[in-house]
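Worksheet: the structure to be examined is printed underneath.
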Amino acid sequence: MPNIIISNTTPIITLLGIGKLDLLKDMYQKVVIPQAVYLEIEAGKDKSFYMDLKQISWIEIKHVQNQALVQHIQIILDKGEAETIALAEELKADIILLDERLARNYAMMRNLIIVGTFGVLLKAKDLGIIGEVKSLLEKAQNNGIRISQKIVEIVLREANEL
């Protein structure tokens, strides 16, 4: 089981929105997020599924030490993504949770191991933690998460739900 998991904002928000944030605890025991990700989630306090991540014992919020790297990465990515990648490198993370394509491509170039939200759902199904993925994808879409039909089909095929 991986030891250090760093998450960006979108996986946390998506899992909060579908009522499945605890999947991260069930699968990884602990998740670390950078301060910028915490602040991005705090900006969504008006959402019905909002939770203060400081109140969740298995989520650790850390400050990134290498601010020069963050500034360098911010040339092409947003602050949350930049801090997530920089923190993953600082802590030598086993897995980085990222959904956005540009951020994923950048993280791959830096040899980080990436899992997206749908990868988390697929693994949770494989482990028997959840029974199906389809209804969770639909719930995510109903919460405003944009998922292309092509991605829905790929995920459902992987989940043997197509």
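Side-chain atoms are counted along with the backbone in the values below, which use heavy atoms only and exclude waters and symmetry mates. Sequential numbering from 1 along the given sequence is applied to the chain's residues.
- Proximity of a side-chain donor or acceptor of Glu161 to a complementary backbone N or O of Val133 within less than 3.5 Å is detected.
- A heavy-atom distance below 4.5 Å is found between the side chains of Ile12 and Ile41.
- Using a 4.5 Å heavy-atom cutoff, the side chains of Leu53 and Ile33 are in contact.
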Evaluate the side chain to side chain contact (heavy atoms under 4.5 Å, CB included) criterion for residues Leu77 and Tyr106: first the C-alpha distance (whole Å), next the side-chain angles of each, then the deciding distance (0.1 Å), finally the verdict. CA-CA 9 Å; Leu77 301 177; Tyr106 188 84; 4.0 Å; yes
Quick one: do Tyr28 and Asp94 satisfy side chain to side chain contact (heavy atoms under 4.5 Å, CB included)? Show the steps, please. CA-CA 11 Å; Tyr28 305 118; Asp94 297 286; over 6 Å; no
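- Using a 4.5 Å heavy-atom cutoff, the side chains of Ile4 and Lys92 are not in contact.
- Using a 4.5 Å cut-off on side-chain heavy atoms (C-beta onward), Glu60 and Lys62 make contact.
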How far apart are the C-alpha atoms of Ile59 and Leu21, what are their side-chain angles, what is the distance that settles it, and do they pass the side chain to side chain contact (heavy atoms under 4.5 Å, CB included) test? CA-CA 11 Å; Ile59 293 180; Leu21 184 65; 4.2 Å; yes
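- Using modelled atom types and a 3.5 Å distance limit, the side chains of Ser135 and Glu132 yield a donor-acceptor pair.
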Name each donor-acceptor pair under 3.5 Å that joins a side chain in residues 79-89 to protein atoms two or more places apart or in another chain, with its distance.
{"from": "Glu81", "atom 1": "OE1", "to": "Asp78", "atom 2": "N", "distance (Å)": "3.1"}
{"from": "Glu83", "atom 1": "OE1", "to": "Ala36", "atom 2": "N", "distance (Å)": "3.0"}
{"from": "Thr84", "atom 1": "OG1", "to": "Asn8", "atom 2": "OD1", "distance (Å)": "3.4"}
{"from": "Thr84", "atom 1": "OG1", "to": "Gly80", "atom 2": "O", "distance (Å)": "2.7"}
{"from": "Glu89", "atom 1": "OE1", "to": "Arg110", "atom 2": "NH2", "distance (Å)": "3.0"}
{"from": "Glu89", "atom 1": "OE2", "to": "Arg110", "atom 2": "NE", "distance (Å)": "2.4"}
{"from": "Glu89", "atom 1": "OE2", "to": "Arg110", "atom 2": "NH2", "distance (Å)": "3.3"}

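- Looking only at side-chain heavy atoms (C-beta outward), Ile154 and Phe118 stay at 4.5 Å or farther from each other.
- Tracing side-chain contacts under 4.5 Å through hydrophobic residues (I, L, V, M, F, W, Y), one never reaches Ile96 starting from Leu24; they form parts of separate clusters.
- More than 12 non-hydrogen atoms from other residues, nucleotides or ligands lie less than 6.0 angstrom from CE of Met108.
- Among Thr117, Val115, Thr9, the one residue that satisfies the side-chain contact (heavy atoms from CB on, under 4.5 Å) test with Leu97 is Val115.
- To the nearest 0.5 Å, atoms CD1 (Ile13) and NZ (Lys47) are separated by 6.5 Å.
- The only option from Lys125, Lys20, Met27 that meets the side-chain contact (heavy atoms from CB on, under 4.5 Å) definition with Val120 turns out to be Met27.
- Under a 3.5 Å cut-off, the side chain of Gln67 and the backbone N or O of Val64 do form a donor-acceptor pair.
- The nearest pair of heavy atoms linking Leu98 to Ala107 is CD1-CB, 3.7 Å.
- A side-chain contact (heavy atoms from CB on, under 4.5 Å) with Thr14 holds for exactly one of Leu121, Leu136, Leu137, Ile145; it is Ile145.
- No single ILVMFWY cluster, assembled from side-chain heavy atoms under 4.5 Å apart, contains both Ile147 and Leu102.
- For the pair Asn143/Phe49, a side-chain contact is recorded, criterion being any heavy-atom separation below 4.5 Å from C-beta on.
- By the 6.0 Å contact criterion, CD on Gln74 is enclosed, its count of non-hydrogen atoms from other residues, nucleotides or ligands being greater than 12.
- The closest donor-acceptor contact from the side chain of Arg104 to the backbone of Ile114 lies at 3.5 Å or more, if one exists at all.
- Residues Pro34 and Ser7 come closest through the heavy atom pair CD-O, 3.7 Å.
- Atoms CG and CD1, from Leu156 and Ile151 in turn, are 11.0 Å apart once rounded to the nearest 0.5 Å.
- Taking the side chain as every heavy atom from C-beta outward, Asn66 and Val70 never approach each other to under 4.5 Å.
- Heavy atoms only, all atoms of each residue included: Gln29 and Trp58 are closest at O-CB, 3.3 Å.
- Side chains of Leu15 and Ile18 form a contact here, defined as non-hydrogen atoms less than 4.5 Å apart.
- Remark: side-chain polar atoms of Asp22 are not paired, donor with acceptor, to backbone N or O of Lys25 under 3.5 angstrom.
- A distance of 4.0 Å separates CD1 in Ile5 from CD1 in Ile95, rounded to the nearest 0.5 Å.
- Cluster membership for Ile73 and Leu91, using ILVMFWY side-chain heavy atoms within less than 4.5 angstrom, is not shared.
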